[in-house]
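One structure is given here, and the rest of the page talks about it.
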Protein chains: 2
Amino acid sequence: MQTMIDFTGTYTDQYQLAMAQVYFLKGRHDRPAVFDYFFRKVPFNGGYAIFAGLEDLLGILETLHFDEPDIAFLRQRGMDPAFLDHLADFKFTGTIYSSREGDLVFPTRPVLTVEADIIQAQIIETLLLNILNFQTLIATKASRMRLVAGDRALIDFGLRRAHGPGGYYASRAAVIGGFDATSNVRAGRDYDIAVSGTMAHSYIQSYDDELTAFRHFSEIRPDDCVLLVDTYDTLASGVPNAVIVGLEMKQQGRQLKGIRLDSGDLAYLSKKARHMLDDAGLHDVKIAASNQLDEHLIKSLLDQNAPIDLFGVGTSLVTGQPDAALDGVYKLAYADSAPRIKLSESMEKITLPDRKQVFRVHNETGLLGADVVALADETDIAVMHHPFDPLKSFAIGKYQKEPLMRKVMEHGRRLVDPLSVQEIARYSRKRIDELPDEYKRFENPHIYKIGISDRLKKERDRLIAEHRETGLKEGMR
Amino acid sequence: MQTMIDFTGTYTDQYQLAMAQVYFLKGRHDRPAVFDYFFRKVPFNGGYAIFAGLEDLLGILETLHFDEPDIAFLRQRGMDPAFLDHLADFKFTGTIYSSREGDLVFPTRPVLTVEADIIQAQIIETLLLNILNFQTLIATKASRMRLVAGDRALIDFGLRRAHGPGGYYASRAAVIGGFDATSNVRAGRDYDIAVSGTMAHSYIQSYDDELTAFRHFSEIRPDDCVLLVDTYDTLASGVPNAVIVGLEMKQQGRQLKGIRLDSGDLAYLSKKARHMLDDAGLHDVKIAASNQLDEHLIKSLLDQNAPIDLFGVGTSLVTGQPDAALDGVYKLAYADSAPRIKLSESMEKITLPDRKQVFRVHNETGLLGADVVALADETDIAVMHHPFDPLKSFAIGKYQKEPLMRKVMEHGRRLVDPLSVQEIARYSRKRIDELPDEYKRFENPHIYKIGISDRLKKERDRLIAEHRETGLKEGMR
């Protein structure tokens, strides 16, 4: 795949390089480290998130290096020459275990694990968070719109309001979350996703009259003609002119594909427009709507029986409003030959130590019931414990358990061929269908259960106790 | 300047290409068009915005073209071969008038104007909005934090939570808005902005004890040593260990630069830490703070007299929370040898027609008073009218008026050398100082006046009347 972003080794936070230089000069850099990527809060107060960005990340890691301007810049900043030689030879040679891209993911459990020498693992942290946090946020947002839109078309119109080239990834993530197409041509080109778009108000304005503008468009694009009807007056001018062109096209054996509403009361206007089109016998002409839409407005329009066939969504999709960011973090779980834990005054913020696996527990009907975090060498789990509440545990021996973390990269090379965005989207759709409805509602969704295995709980509690015994109130390691 | 983003002609919305193909095949593409870039709402409910992104935009436009994969992709999508030949020769040859980057900008008045053949002008729309909307949002957010932080240091820590490679531009825009440095090394490299960063919790965790981790760091980075003190227990472990290292460094004739707090009650902890450092005679050791900060939290900390010398800001800065996007638009003002207007049921949304200039009116004390939009050939304006309220007008003949829109690009070439980010930031600072305080407060800021000249008002009103006379309720053109 071609890509428009030239990631290099300096696409990282300065402190990663500062720490790496210390590790290098102190001879600690060859020791393997394990970091877990996970998040703490489901975006949009929803019940699930859709994991996205993995294929991009793996593709970038396979070729990531410090180029000459990188090294020259770091030299100019006074970094150690031997360390710079080490960076000039940088290549990611680590192993990655990951959830499948497009899968449902939930708070506190590892989504992806990096095992590499500690310099490599630190240097890629910023890049990894930058790619995965954003795409997961947007895929999740898109998925919420898909839930309410049913089988109506959803098109990403957001590039102009996206955060610069972040829009490139937003268009990809939107398709993973269930969008059908994007207006973003470059994303369509590089990711092989469907591209869609028709005309702007300026097109109509550039003509002396709307009807001529419509006719020119229908002549040049007879098979993909969607007319924007709200430049002057939707019901008095736009729709009547579209009806004229629709009937002219019909006489020529062509089919006007649709009209688009981009302002005003979309419920009222779409009903009126549907009547006017139907009265003219133009039953097959679709109605598209856009203008500051999000999942709540789409739901409201459909609750009002607005006869809209296609929704174009911009700002709220590509920026993930109102959340703006997924709070994904990357925490050390193993280093220097020992499991590591990060303590905190709040139990919820204490990390899970050591190398781990995550199992998904399916209930009797095959639907998803819980995710259980275990140590990496555990193969079956009879009991899952609530991660923080010592009084809660559940027997899960009889249920089907699916291991979720798969090795996707070893020695810095992908183990399987890249998946297309469409394959990822199909997988995501399947998983969403397996999730019971109560986790998918917008208001107070059911909280998906995350548990930990008996052995992981014992190891975590042992480390907490050990740290507390060192005499420091919050532990030492 | 090197850049990490490979913009090509397909970095646009599909409808731009659809319209362009119609213009081309209908022989309308050589006619010049004029588009204005402006926004309607000041972000963050503030009183001003800081214009940013111009130098990036001009640099991209100078080399923008459709590369071979672009053309191949569009051919595969069935676009007309003659039109594709036209795109293969695409080069932006238009003229751009613009406000200075870093200047204060306000709603409804043109910020930038593009004059080009209509195909070129349409194709660059998406790119232009994508770059300018985002950087203006972030520079404005940064500026608000600078207002409250006084002369304390502000560092951008946001790359991990940024919208993918949007973070690259966020780091640049943050400096324009008044930030001192970024953690984002690649942005530092390409934009020559200061880079800053020290250590993460994982660094401390990777050691068996905090003190050894601190000592290693101070040995390797004796001149830039900031110690993160909250990995285990800030006051019981982190600060005491930092004091030990600070005193050891002092004995060696070195200076511990600072400590960083990244959790807990930053007001309380910073005061306690300051006392502990001062009691040890470490008066010069600075205190840095981070953790979900924004302008309101920084203000609150300083209102509580928290002795914090440096603020690291991430998510809220680089995503522009809670706004997520500037609502900048790009509207046709002239095409096909005539001024153009976009009508709307709300007067506020009717556009200003024709080629225009914007004058800034300075009051008696030299401070900023109003911006007045005039026709491009007007040189002095005696009266400014309220844009929508026919009863309001002001005599402004006696005041100094500064033309704001300068020609920055002609025949697709920049007319002046690119400015550095620092030069732009200095200019912005000067402008902010010229703005009276009542526009800078966060709660109900004074609304900066925007007026229109007598001639522009007459031309706009004539066009509105003409359109209404055509018999369509909202006009025809």
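In the text below, chain A, chain B and the rest are named by the order of the sequence lines, each starting its count at 1.
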**Y334(B) portion near chain A, given a 4.5 angstrom heavy-atom threshold** = neither

**Message:** Using modelled atom types and a 3.5 Å cut-off, is there a donor and acceptor pairing between side-chain atoms of N133(A) and backbone atoms of R160(B)?
**Reply:** yes

**Set of salt bridge (charged side-chain N to carboxylate O under 4.0 Å, His left out) partners for D36(A), sequence neighbours left out** = K356(A)

**Item:** Heavy-atom proximity to chain A below 4.5 Å, by part of A335(B)
**Value:** side chain

**Asked** Can you tell which of T126(A), D6(A), D70(A), T12(A) makes a side-chain hydrogen bond (donor to acceptor under 3.5 Å, both in side chains) with R186(B)?
**Response** D6(A)

**Message:** Using the side chain to side chain donor-acceptor pair (under 3.5 Å) criterion, which residues pair with D192(A)? Sequence neighbours excluded.
**Reply:** none

**Item:** Any donor-acceptor N/O pair, R161(A) side chain to A325(B) backbone, under 3.5 Å
**Value:** no

**Asked** Checking heavy atoms, do the side chain of Y330(B), its backbone, both or neither come under 4.5 Å from chain A?
**Response** neither

**Asked** Would you say V195(B) and F73(A) make side-chain contact, with heavy atoms under 4.5 Å?
**Response** yes

**Item:** Flag side-chain contact, heavy atom, 4.5 Å: R189(B) against T8(A)
**Value:** yes

**Interatomic spacing from OG in S202(A) to CG in L332(B) - rounded to 0.5 Å** = 6.0 Å

**Request:** Against chain A, label D80(B) side chain, backbone, both or neither, depending on which of its atoms sit under 4.5 Å from a heavy atom there.
**Result:** neither

**Prompt:** Mind checking whether H163(B) and H163(A) have parallel, tilted or perpendicular rings, split at 30° and 60°?
**Reply:** parallel

